[in-house]
Structure formats: structure tokens, C-alpha cells
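Note: hydrogens, waters and symmetry copies are ignored here, and every other heavy atom, side chains too, is used.
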Amino acid sequence: YTTSVGATTFGFLSSTQSAASFSSGGFSNLISRPSYQDGPVKTYFKTASPSALPPSNRYNATGGGFPDVSALGTSFNIVYFGMTTQVDGTSCSSPTFSGVIALVNDARLNAGKSTLGWLNPWIYSNTDMFTDITSGSNPGCGTNGFPATTGWDPLTGLGTPLFPKLVQSAMSLQ
């Protein structure tokens, strides 16, 4: 199992993040749910309005949930054929989250510690290291998709990283 990354966006003239509608999310048909996801996924199904969820025959509620986390995934400037343009996607949010973890690892290395390695058990036991994203959905396949809600959800995962809290928690690890 890997750490999967969803995407968020900021509304027009807003400082509040919401789920990017293009962000994939749901439950795997191939990978069973890992134990560290049991609590968050069960809470999601208890708190999400059943009428807001896609029909139950459209997803595997016992599969591994994804994404695990999110990061900003809209309005990234790139240079393409010498011209600057903006792009959106999890192809923006995934390397952004990876870069944040690289900086956390750098802080650990500078303190004489090893790099983090596999993240998921650590992040699921330290959910306060993330900004919870509670608005948005990912419509598709003839449904409104999964809604973002309080806590982990199959659209934004645990949320977006809070760098100081990530570093503080990571420095307390062996």
C-alpha cells in the first residue's frame, strides 16, 4: 500500500480550501482495507449522509480507501514551449506533498535521525497534522461522487499537510 494524494483548490477570492472536483477517490476493488484505516473509514460511513453517497453497488466499502492525504492541485504555473501556463491535477498535488515530506526528512537528517520511510501508520495516528477539508465532491459515473466531510473521506483523505506539525511529530519519532 502506498500513500495516495488527492487534490484541493481554493475558491475564487477565498482562503478556504475545498476538494477539487477532479480529485479521484473511493475504495479499492483489489486491496483490502488496512487496519490503520478501519476507524476513519467506519466513521466516514457513520457520519456521511447516505443520500450523499454514490449507490453502494458503485464502490467496494470494504476496500482500502483512497486518497490518504491531499495537497493543492490547481493553478500551478509551468513553462510549456517557452510560454507560461497554468495546469491542475493530482500531478501537481502529489509532487507537492512529496516535497513537503522531503523537507520533513531533511529536518530529521539534520537532527541526526533517519528518514521517515512508510508514512501511512504514522499519518493515520497523527491526524492533527492536517487541515481537514470538509467541502466539495468528485462527481462522475453518473453520481455526485463522494462528499468531503469532517475527518477522513474518500476525496481528500486526512486533508492537507500542516508543515510545522508534521515536523514536530516527525522529530518525536525514533
Side-chain angles (χ1 to χ4, degrees), residues 1-10 15-20 22-48 59-76 88-136 138 146-174:
Y1 202 78
T2 62
T3 303
S4 59
V5 182
T8 61
T9 187
F10 285 101
S15 62
T16 303
Q17 293 181 81
S18 64
F22 59 78
S23 187
S24 177
F27 300 90
S28 176
N29 284 324
L30 302 175
I31 299 170
S32 59
R33 182 182 314 136
S35 60
Y36 55 79
Q37 279 189 344
D38 278 341
V41 170
K42 287 176 183 175
T43 299
Y44 177 75
F45 283 121
K46 284 181 191 172
T47 59
Y59 61 93
N60 174 13
T62 62
F66 65 94
D68 298 298
V69 296
S70 287
L72 183 65
T74 57
S75 303
F76 278 65
D88 304 331
T90 54
S91 57
C92 301
S93 58
S94 290
T96 298
F97 184 78
S98 295
V100 169
I101 296 303
L103 291 171
V104 172
N105 279 330
D106 185 59
R108 284 182 53 85
L109 289 170
N110 284 328
K113 296 176 179 264
S114 64
T115 57
L116 289 170
W118 190 41
L119 301 176
N120 291 11
W122 171 60
I123 62 176
Y124 277 88
S125 62
N126 293 279
T127 59
D128 64 325
M129 301 184 303
F130 300 91
T131 298
D132 190 14
I133 309 302
T134 59
S135 64
N138 57 351
F146 291 101
T149 187
T150 301
W152 179 90
D153 56 68
L155 177 58
T156 61
L158 298 171
T160 56
L162 294 167
F163 183 72
K165 289 187 176 188
L166 283 168
V167 172
Q168 180 181 16
S169 177
M171 296 307 274
S172 70
L173 299 172
Q174 294 297 326

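In this structure, the separation between CG on N60 and CG on L30 is 9.5 Å, given to the nearest 0.5 Å. Here CG of N105 is found 4.5 Å from CG of L116. Values are rounded to the nearest 0.5 Å. Rounded to the nearest 0.5 angstrom, D88 CG and F76 CZ are separated by 9.0 Å. Here the straight-line distance linking atom CG of D106 with atom CD1 of I101 works out to 12.5 Å at 0.5 Å rounding. Residue W118 holds its CH2 atom at 10.0 Å from OG1 of T2, rounded to the nearest 0.5 Å. A distance of 4.0 Å separates CZ in F66 from OG in S24, rounded to the nearest 0.5 Å.
Classified by interplanar angle (parallel below 30°, tilted 30° to 60°, perpendicular above 60°), the ring pair Y44/F27 is tilted.
Closest non-hydrogen pair, S70 versus A7, comes out as OG-N, 3.9 Å. Nearest approach of P40 to Y124, heavy atoms of both residues: CG-CD2, 3.9 Å.
With a 4.5 Å cut-off on side-chain heavy atoms, V100 and L166 count as touching. Looking at heavy atoms from C-beta onward, V5 lies out of side-chain contact with T90 at the 4.5 angstrom threshold. No side-chain heavy atom of T96 sits under 4.5 Å from any side-chain heavy atom of L72. Counting only heavy atoms from C-beta outward, the side chains of I123 and Y36 never approach each other to under 4.5 Å. Residues F97 and T3 meet the side-chain proximity criterion, which asks for heavy atoms closer than 4.5 Å. Side-chain atoms of S114 and R108, non-hydrogen and from C-beta on, do get closer than 4.5 Å to each other. In this structure the side chain of F130 reaches within 4.5 angstrom of the side chain of V69, judged on heavy atoms. With a 4.5 Å cut-off on side-chain heavy atoms, S18 and T9 count as touching.
Remark: the backbone N or O of G6 is paired with a side-chain donor or acceptor of S93 at under 3.5 angstrom.
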(request) Go through the steps to decide whether W152 and V41 satisfy the test side-chain contact (heavy atoms from CB on, under 4.5 Å), and finish with yes or no. (result) CA-CA 7 Å; W152 179 90; V41 170; 3.6 Å; yes

Which atom pairs, one a donor and one an acceptor, fall under 3.5 Å between side chains of residues 153-160 and the rest of the protein, sequence neighbours left out?
residue, atom, partner, partner atom, Å
D153, OD1, L155, N, 3.1
D153, OD1, T156, N, 2.7
D153, OD1, T156, OG1, 3.0
D153, OD2, T149, N, 3.2
D153, OD2, T156, OG1, 3.1
T160, OG1, Q17, NE2, 3.1

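Applying the side chain to side chain donor-acceptor pair (under 3.5 Å) test to residues at least two apart or on different chains, the pairs with a partner in residues 161-174 are W122-S169.
In this structure, K113 places its NZ atom where more than 12 heavy-atom neighbours from other residues, nucleotides or ligands lie under 6.0 Å away.
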